[in-house]
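Contents: one structure, followed by commentary.
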2 protein chains.
Amino acid sequence: MQEKISSQIALPVEIDLQSYPLFRQCEGVFVSALQEAARERRFEKGQVVFLHGDGVECFYIIRHGWVKLYRETLDGTQAVVDIFTTGHMFGETAIFEDGMYPYSAEAVEDVQVIALPIDLLKNEIKANNKLALDMLCSMARYRRRQDREIEHRSLQNASQRIGCFLLRLLNQSEDGAAHIHLPYDKMLVASRLGMQPETFSRALSRLRDKTGIRIKGSTVEIDSPSQLTDYSCMACSSEYPCKDILSGK
Amino acid sequence: MQEKISSQIALPVEIDLQSYPLFRQCEGVFVSALQEAARERRFEKGQVVFLHGDGVECFYIIRHGWVKLYRETLDGTQAVVDIFTTGHMFGETAIFEDGMYPYSAEAVEDVQVIALPIDLLKNEIKANNKLALDMLCSMARYRRRQDREIEHRSLQNASQRIGCFLLRLLNQSEDGAAHIHLPYDKMLVASRLGMQPETFSRALSRLRDKTGIRIKGSTVEIDSPSQLTDYSCMACSSEYPCKDILSGK
DNA sequence: CGAGGGTTTGAAGTGCATCAAATAGTGTGG
DNA sequence: CCACACTATTTGATGCACTTCAAACCCTCG
């Protein structure tokens, strides 16, 4: 399934970097240098953006589409680290690694990204304290997310994890919209939540029976979100109900 | 088991802060301000250092003993986030939280810590780019650890997790010492690894049978560490054999 | 010695994974 | 627009790993 194709389009691109939280406070010189170096690249579904261990030159901002970050064990099992979409940045933490990406990245569907040279970021962080602070905040946010992830994996059962996942999608859509659309196919949701597709299917049915949600294909209708939190957040140590940490980009 | 006793000793204390990686590059003024504000506190086994959600005033450096960081769910289950000993720092990430500790801390055995006012650190990070960079590195290190933790919990079985834990203890003792002592009681090791004490006991026996280690009470003798890596690192996506990330303080 | 924890062992239950097969859904070419 | 191919999803059956409950053992310390 993984193909590495080097014939991606890499064109200069117009982009308002200062609309991204990390660069909001940055000075014009740095931002214009970044903007000048920015290149648009497109990847088709299944294409690999970079592989774990590749030498690092760029970090990426997603303009459109979905990308999954994953790692592989010696025996070939794939562990999905995370799945990102529009507005999210990835690969930037390689600054603190020894020049290698800490995971692989693959387009989950056709995706359009901005590639930015990581050296520029690295140097600016060294020189610009505000950027360093923003980066610290962003890493702290990520850290909270990871902490919660670890907890969820050990304390929540499959149905509760799905419920929690749905609740976070609810939070992201401004209003508490009563029906939400799964962002990508169920197999991928399953791997994001660390379970098998079969388990996902069964766990989702169980969740339906317990919380009165309705499922039509990849759409989920939720009449009473509180019933969902009651069930899902029971085994979670976060504040009740769970505040969305995911949305931080 | 949790008692909150406010009658801890809090005495001024002499300490060479610059021997800690985070402060190595810091200027004299800041370091002496910190040193002046440093207070020694002792906690007996089972005593609570702070609770999740407490207002944050201090962060801590462990001088001697063991502290566990944990969170609790609504139904009272305790999830051990981590267990730290001499030289480690904890509570400092509260800088990026909204004035609350993100977990609770409890002395696992009698422990001696240095309490330092977190405001000083917060202000210095804002002013001192080098400190911010060191903090970034430290968070990146933590992040790698967490990433690996998530992976281990989903890909390794109980015996492999124990094997991995032992290997990290081996790395920490400079030579590849052939026998190591469990740092705290088995119940706690079990919860650190996210399993039940009974599971730990059984999994350790299985590990013994598979890798030829010998177990005498809380001492483990390892003749061939390579046999241990062969078995434990099989299900892990890190470089083989697993490099120690834990040791970063 | 005896009480009380930590640790081990046994038996039974639960949840998820795995393998296998049926079904639904999607896109393709005719 | 239909039939076909292919993939995603669901369902069933079974197995394994870990948990849970219970009891025995062991160790330490008063």
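Just so it is clear: chains get the letters A, B, ... in the order the sequence lines come, proteins before strands, and each one is counted from 1.
- Counting heavy atoms from C-beta on, the side chains of Phe84(B) and Tyr60(B) never come closer than 4.5 Å.
- Put simply, the side chain of Arg161(B) gets close to the backbone of Leu193(B): a donor and an acceptor are under 3.5 Å apart.
- Using modelled atom types and a 3.5 Å distance limit, the side chains of Gln47(A) and Glu106(A) yield no donor-acceptor pair.
- If one axis is set at each end of the helix from dC1(C)-dG30(D) to dG30(C)-dC1(D) from five pairs, those axes are 30° apart, to 10°.
- Separating the CZ atom of Arg153(B) from the C1' atom of dA17(D) is a distance of 16 Å, rounded to the nearest angstrom.
- Here dT19(D) presents its P atom at 12 Å from CG of Leu155(A), a figure rounded to the nearest Å.
- Rounding to whole angstrom units, CE of residue Met187(B) and P of dT28(D) are separated by 17 Å.
- For Lys45(B) and dG5(C), the NZ to P distance is 11 Å, given to the nearest whole Å.
- We find that NZ of Lys186(A) is positioned 14 Å from C1' of dT11(D), with the value rounded to whole Å.
- Under the 6.0 Å distance and 45° angle rule, Arg143(B) counts as a cation-pi partner of Tyr142(A).
- Nearest heavy-atom pair across Phe50(B) and Gly91(B) is CZ-CA, 4.5 Å.
- Judged by distance alone, the side chains of Glu97(A) and Tyr101(A) never bring a donor and an acceptor atom under 3.5 Å apart.
- The interatomic distance linking Asp185(B) (CG) with dC29(D) (P) rounds to 14 Å, in whole Å.
- Remark: Asn157(B) CG to Met195(B) CE distance equals 8.5 Å, nearest 0.5 Å.
- Defined by atom type and a distance below 3.5 Å, a donor-acceptor pair is missing between the side-chain atoms of Thr199(B) and Gln196(B).
- Here the C1' atom of nucleotide dG6(C) and the CD atom of Glu109(B) are 15 Å apart, to the nearest Å.
- Side-chain N/O atoms of Gln78(B) and Lys68(B) include a donor and acceptor closer than 3.5 Å.
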**Summary of protein contacts for nucleotides 12-27 of chain C, nucleotide by nucleotide, where a base hit scores B, a sugar-phosphate-only hit scores S (4.0 Å, heavy atoms)** = ----SSBBB-------
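- For the pair Leu193(B) CG and dT19(D) P, the interatomic distance rounds to 11 Å; values are reported in whole Å.
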